[in-house]
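The figures here come from the full heavy-atom set of this structure, side chains too, leaving out hydrogens, waters and symmetry mates. Predicted, not measured: the structure shown is a model, and the values here were computed from it. Position 1 is the first residue of the sequence, and the numbers go up from there.
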Amino acid sequence: MDTELITTLVSLLAGGLLLYLAITITRDNFENRLNRVTGSMLFFAGLAPLFLALGSIVQQPEAGVTTLPDSPLYQLHTIWELFFPTLLLFAMLFPVDRLREFKQSRLRTLVFVPQIMHLIIMLFFGNINRMLAMVELDPSREGFTTIVLKPFSYLFTGVLLLIGFIRSYEQVIFDVVNLLYVGIAVYFLETGSRYLREPRLLNQTRTVLWGTRLALGLYSAAVVMVHLFSKEIAPQYIAATQLGSVVAGVAIFGYAIIRHQFLDVQLVFRQSFIYTIAMAILVGGYVVMGMQAKEMLTPLFGARAELVSYVFLIFVLLLFQPISSWLDNLIRSMFIRTRTDYRAIIERFSRQVISVFDPHQLRQTIEETLKTALLVENVYFVLYDDSVGEYTLLPDELSSHRVIIDRDDLMLRGINLLDAPTHYSLLNEYEESSKLAELLKERKVKLILTMKDAQHLLGFLAVTQKAAGYRYSAEDFNLLGVLSNQMVTALTNARLYVESLERLRLQEEVNMARQIQLDLLPSSPPDLPCSVICASSIPSRTVGGDFYDFVPTRDGKRMGIVIADASGKGMPAALMMAQIQAMIRSEVSNGTPIPTMMSNMNQQVTHSTSAEKYVTLFYGELDKETGTFEFANAGHNYPVLVRENGQIELLEAGGPIIGAFSFVSYTSASVQLRPKDLLFFFTDGLSEAMDAQGTEYGEERIRKFVSERRNEAPNAIMQMILDDVRTHDPSQPPQDDTTIIALKMHDHPGVLR
């Protein structure tokens with residue numbers, strides 16, 4: 001196969017692919033100016049190799065016949081030079097739209113003037129000498145008409161001489177003009193790429209830039225060779241260089257579209273383009289084999305080569321379909337299944353969000369996916385905030401604080417009606433007096449993407465326009481619809497995870513508080529010579545504020561007994577009881593009288609805690625020698641004193657609860673304990689235990705119970721009343737902490753004075 005034939009075939013193939021690319025890009029989004037300009041640029045670029053191929057195909061003219069280069073029709077080939085002004089417009093639109101702020105939009109058509117002039121000159125000014133003869137006046141004639149027409153004759157003659165000069169050197173002049181266009185276009189492309197931050201768009205620009213540099217570099221080299229080294233370099237090398245620039249342009253633009261989704265061409269068009277290329281390569285290979293089969297087989301089969309070549313071609317044709325499928329799948333796996341394949345995007349997004357439970361990280365994943373997959377410039381989140389019970393616009397580059405949206409906002413109501421991704425411009429009827437509408441307009445929002453579960457609007461995404469002016473296609477809307485459903489699932493999982501973490505944190509706090517409370521309680525009751533003491537504290541499912549302690553006085557003659565119940569639950573109650581224990585031990589160690597001790601504690605608790613924090617507390621000191629029991633009751637359940645004969649006395653003296661009122665005073669009282677007397681202390685967990693009907697166990701029942709069993713041992717009385725309460729209220733664990741102290745004086749009268 002000769003070089004000329006190969007050049008012709010390659011030129012036809014390259015030109016055809018360029019025209020196909022131009023049609024594909026324009027048809028994909030005709031409304032987008034960038035697509036139209038790019039399509040026009042590739043269309044005019046495709047005309048060049050096609051004209052080159054046609055020039056080779058047209059046979060040399062016979063002698064005496066007008067040659068093709070001399071015909072006006074041949075000069076139409078210069079129309080391909082419109083590629084250069086369209087290249088300049090493309091560079092002014094991509095990757096940064098420099099024409100957006102250009103107010104005199106019609107002036108941009110001036111970039112076509114040089115090439116149109118070239119076309120006109122080549123079409124209509126082929127015979128300058130004949131035109132000069134037509135405008136030349138007969139010098140032999142004198143008269144009015146000659147005098148009037150003479151200036152016009154001189155003017156037309158000058159213009160025609162200038163056009164003749166340009167036509168004489170048209171190749172040099174317009175090659176220089178075209179190279180100037182190339183230089184300016186490359187400058188715009190280079191400087192525009194410096195403003196890009198989005199990786200995918202940056203990859204697109206870099207690929208296009210490299211292709212443009214290569215193609216235009218080869219074209220420039222061909223121009224230089226034509227004008228400076230045409231005598232030293234064979235024409236086929238110059239033609240190969242020109243053809244190389246075209247092939248490089250086709251390859252790079254095709255690669256940018258398929259691999260990096262240049263111009264956001266839809267998947268269906270990219271697949272169609274790949275299939276076309278694959279079939280062109282395969283069919284081209286078959287054509288070459290068909291043409292060369294006989295020649296290749298002749299050395300082996302001699303005269304039978306022709307017959308063998310037929311068999312070979314039949315065998316190869318049988319393999320056409322399998323090879324076609326394999327080639328198509330190979331190219332798809334290499335180019336289509338990329339980060340820009342929407343099915344791959346959905347699969348990858350699903351894998352990412354299924355394991356993300358941190359709301360902040362989830363928002364980052366969503367934002368990154370939309371910016372990478374769709375080239376979205378900005379994404380704003382409006383989500384329902386449980387802490388305030390309202391929808392909030394999360395912080396962004398315009399506001400470092402979240403903005404709470406009024407639930408009655410008209411735009412919010414309009415968005416709540418949406419079930420699919422919607423253009424924001426379609427919601428203009430909800431903009432009246434809407435603060436949300438002002439915020440969205442300020443952020444130049446283009447799309448609203450709601451996130452709804454079965455019953456509620458969890459929030460929505462406000463999406464701006466795409467980078468480089470790309471539009472949102474039908475594929476994008478389908479992708480956004482699928483992603484929004486996955487976002488709903490992810491947000492719900494994240495919310496449940498946060499709630500589970502909160503429950504775990506609260507449980508840990510409860511466990512810690514319970515441990516603090518248990519550490520505050522004495523390991524065992526003290527051994528007293530005059531009495532037997534038993535104590536029990538049963539915690540409920542949460543940590544309450546029950547507390548009891550035994551504190552010996554500084555002189556060792558008396559034993560302090562304290563039982564208390566702090567308001568609230570959990571860690572705050574446990575810490576308050578730790579504070580009360582420290583204060584009591586400090587006051588007892590200092591020998592402070594009981595009323596003063598109670599007042600001091602009340603002042604400290606009142607000043608150090610809020611009004612809703614208080615403690616009911618009973619404190620008494622038992623003289624181990626005399627049996628005298630001095631006490632003060634700060635709003636606690638009245639301890640029951642059961643005499644030997646069953647008489648009941650309540651230890652009521654004291655004052656109000658501790659922590660509720662400042663500067664209150666307390667009084668104390670004393671009772672003389674005698675042998676076999678029983679003192680029974682308890683907290684409200686015992687008296688307020690309820691049965692299924694809501695009936696409290698009650699203090700009267702407690703008094704009667706301990707009175708009837710006063711002759712039993714203290715531990716037996718304590719266990720029996722606990723069993724009775726559990727019968728009354730079988731809930732397990734109990735609804736409230738239940739604390740009991742039972743003190744029974746010895747029955748030997750010699751112990752006491």
Side-chain angles (χ1 to χ4, degrees), residues 1-24 45-60 211 214-215 218 234-255 257-259 268-338:
M1 186 180 297
D2 59 25
T3 306
E4 185 177 354
L5 180 57
I6 294 175
T7 302
T8 302
L9 290 177
V10 173
S11 298
L12 285 173
L13 181 63
L17 289 176
L18 276 170
L19 294 184
Y20 181 77
L21 270 176
I23 295 171
T24 298
L47 292 181
L50 289 179
F51 282 133
L52 184 64
L54 289 174
S56 301
I57 293 173
V58 174
Q59 298 298 318
Q60 292 298 321
L214 180 61
L218 289 172
Q236 57 265 32
Y237 292 120
I238 297 176
T241 305
Q242 293 173 336
L243 189 59
S245 68
V246 175
V247 173
V250 175
I252 294 299
F253 273 87
Y255 180 79
I257 289 174
I258 296 171
R259 188 71 175 85
V268 61
F269 291 117
R270 286 185 286 127
Q271 288 179 327
S272 174
F273 182 66
I274 290 178
Y275 184 77
T276 301
I277 292 178
M279 288 303 100
I281 294 174
L282 184 59
V283 172
Y286 268 74
V287 170
V288 171
M289 282 192 293
M291 297 175 64
Q292 300 296 314
K294 181 180 177 182
E295 184 178 345
M296 290 187 299
L297 295 174
T298 298
L300 297 175
F301 299 97
R304 297 181 177 179
E306 184 174 0
L307 178 61
V308 175
S309 67
Y310 294 148
V311 176
F312 173 74
L313 290 177
I314 292 173
F315 175 73
V316 172
L317 287 174
L318 291 175
L319 295 178
F320 181 85
Q321 184 59 39
I323 294 176
S324 171
S325 300
W326 173 81
L327 185 61
D328 185 44
N329 292 331
L330 175 65
I331 296 177
R332 284 172 184 270
S333 63
M334 292 177 62
F335 295 104
I336 294 299
R337 191 174 177 78
T338 65

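Pro49 and Gly15 get closest at one heavy-atom pair: CG-CA, 3.5 Å.
For the atom pair CZ of Phe315 and CG of Leu318, the computed distance is 7.5 Å after rounding to the nearest 0.5 Å.
Contacts of Ala45 classified as side chain to side chain contact (heavy atoms under 4.5 Å, CB included), with partners at least two apart in sequence or in another chain: Leu18, Phe83. Partners of Leu317 under the side chain to side chain contact (heavy atoms under 4.5 Å, CB included) rule, at least two apart in sequence or in another chain, are Tyr286. Partners of Leu214 by side chain to side chain contact (heavy atoms under 4.5 Å, CB included), not counting sequence neighbours, listed by chain and number: Leu218, Ala248.
No side-chain heavy atom of Val316 sits under 4.5 Å from any side-chain heavy atom of Ile323.
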